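Here the structure is laid out as structure tokens; the discussion comes afterwards.
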Amino acid sequence: METSSARPGGSWRPWWRRIAVGVAVVVVLFMLVERFSLIPGFGGLFGEDTRDRTGPALLKSIQDMDRYEAALGNFQVVVDLEKDAAFLPDAIRGTRTLYVGAGTVGGYVEMGGLDERNVTVNDDRTKASIRLPHAVLGTAALDPNRSYAVSKQRGLLDRLGDLFTDNPAGEQAVQKLAAQHIDEAARDSGLAERAEKNTTSMLEGLLRSLGFREVTVAYG
């Protein structure tokens, strides 16, 4: 039985090493074909069975909300994020992601700190004056059902790295950038002013239903 093979220079390589190298090459080829869909329909050969083994969600804390959610803005932004490596062409090392981020920003008025100094009522309870703090905006909340990556361009080294990881950091980077742009757009959208206007309308309707004929709401 042949147990080794001759190589130039008189050195010998055991037969099991050749088998191990051959198996490794075949595995890498299978991974490349399936990962990058080099052969149409080949990926279905190794079908995936998805199972949700997530444990129950745990309640960490409950926070009482002493504020009136008065307005909600819906925003969408297209993020074009490119990362280049120094001294290497994009085809070798570099990524570019085109991502559509959709989310909401809420405008609210804090009412938890109000006391008798913020509310003035006349003796016959026909006039009421209320002073509230200015409306503020919450942070952007991305909607995963409406946010998605349009395209991802990666260099050769990045593609090889993706064989062993889904690169969640890259996805988090565009999501964070999308939220930042949405926050900036919300500040310039007049959402806070709309929240104050809606809060005023709510309080006027409420107090008039209680018999007040004149209601004044101020902010600041």
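Just so it is clear, the structure is predicted and the values come from calculations on it, not from any experiment. In what follows, residues are counted from 1 in the order of the sequence shown.
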May I ask you to decide if [Y]'s main-chain N or O and [X]'s side chain share a donor-acceptor pair within less than 3.5 Å?
X	Y	result
Asn118	Arg131	yes
Asn198	Ala195	no
Asp183	Ala140	yes

What are the two closest non-hydrogen atoms of [X] and [Y], and how far apart are they?
X	Y	answer
Ser189	Phe75	OG-CZ, 3.9 Å
Met111	Leu203	CE-CD1, 4.5 Å
Ala102	Ser147	N-OG, 3.0 Å
Ala71	Arg194	CB-CG, 4.0 Å

Taking [Y] as the starting point, is it possible to reach [X] by hopping between hydrophobic residues whose side chains are less than 4.5 Å apart?
X	Y	result
Leu206	Tyr68	no
Leu207	Tyr219	yes
Met202	Leu210	yes
Leu72	Leu191	no
Tyr108	Leu137	no

In terms of heavy-atom contacts, does [atom1] of [X] have more than 12 from other residues, nucleotides or ligands at under 6.0 Å?
X	atom1	result
Asp123	CG	no
Arg125	CZ	no
Ile62	CD1	no
Arg67	CZ	yes

Q: Test side-chain contact (heavy atoms from CB on, under 4.5 Å) on Arg146 and Asn74 and set out the steps.
A: CA-CA 11 Å; Arg146 297 189 294 127; Asn74 291 281; 3.9 Å; yes
Hey, could you give me the [atom1]/[atom2] distance between [X] and [Y], rounded to the nearest 0.5 Å?
X	Y	atom1	atom2	result
Glu193	His134	CD	NE2	9.5 Å
Ile182	Thr104	CD1	OG1	8.5 Å
Thr199	Glu204	OG1	CD	11.0 Å
Arg213	Lys127	CZ	NZ	9.0 Å

Q.
If you define the side chain from C-beta out and look only at heavy atoms, does anything of Asn122 sit under 4.5 Å from Ser129?
A.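 Side-chain contact under 4.5 Å: no.
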Q: Would you indicate whether the side-chain heavy atoms of Val100 and Val150 approach each other to under 4.5 Å?
A: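 Val150 vs Val100: side chains touch.
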Q.
Walk me through whether Val78 and Leu98 qualify under side-chain contact (heavy atoms from CB on, under 4.5 Å).
A. CA-CA 7 Å; Val78 179; Leu98 196 63; 3.9 Å; yes
**Q.** Working for side-chain contact (heavy atoms from CB on, under 4.5 Å), residues Leu81 and Tyr99
**A.** CA-CA 8 Å; Leu81 180 62; Tyr99 182 83; over 6 Å; no
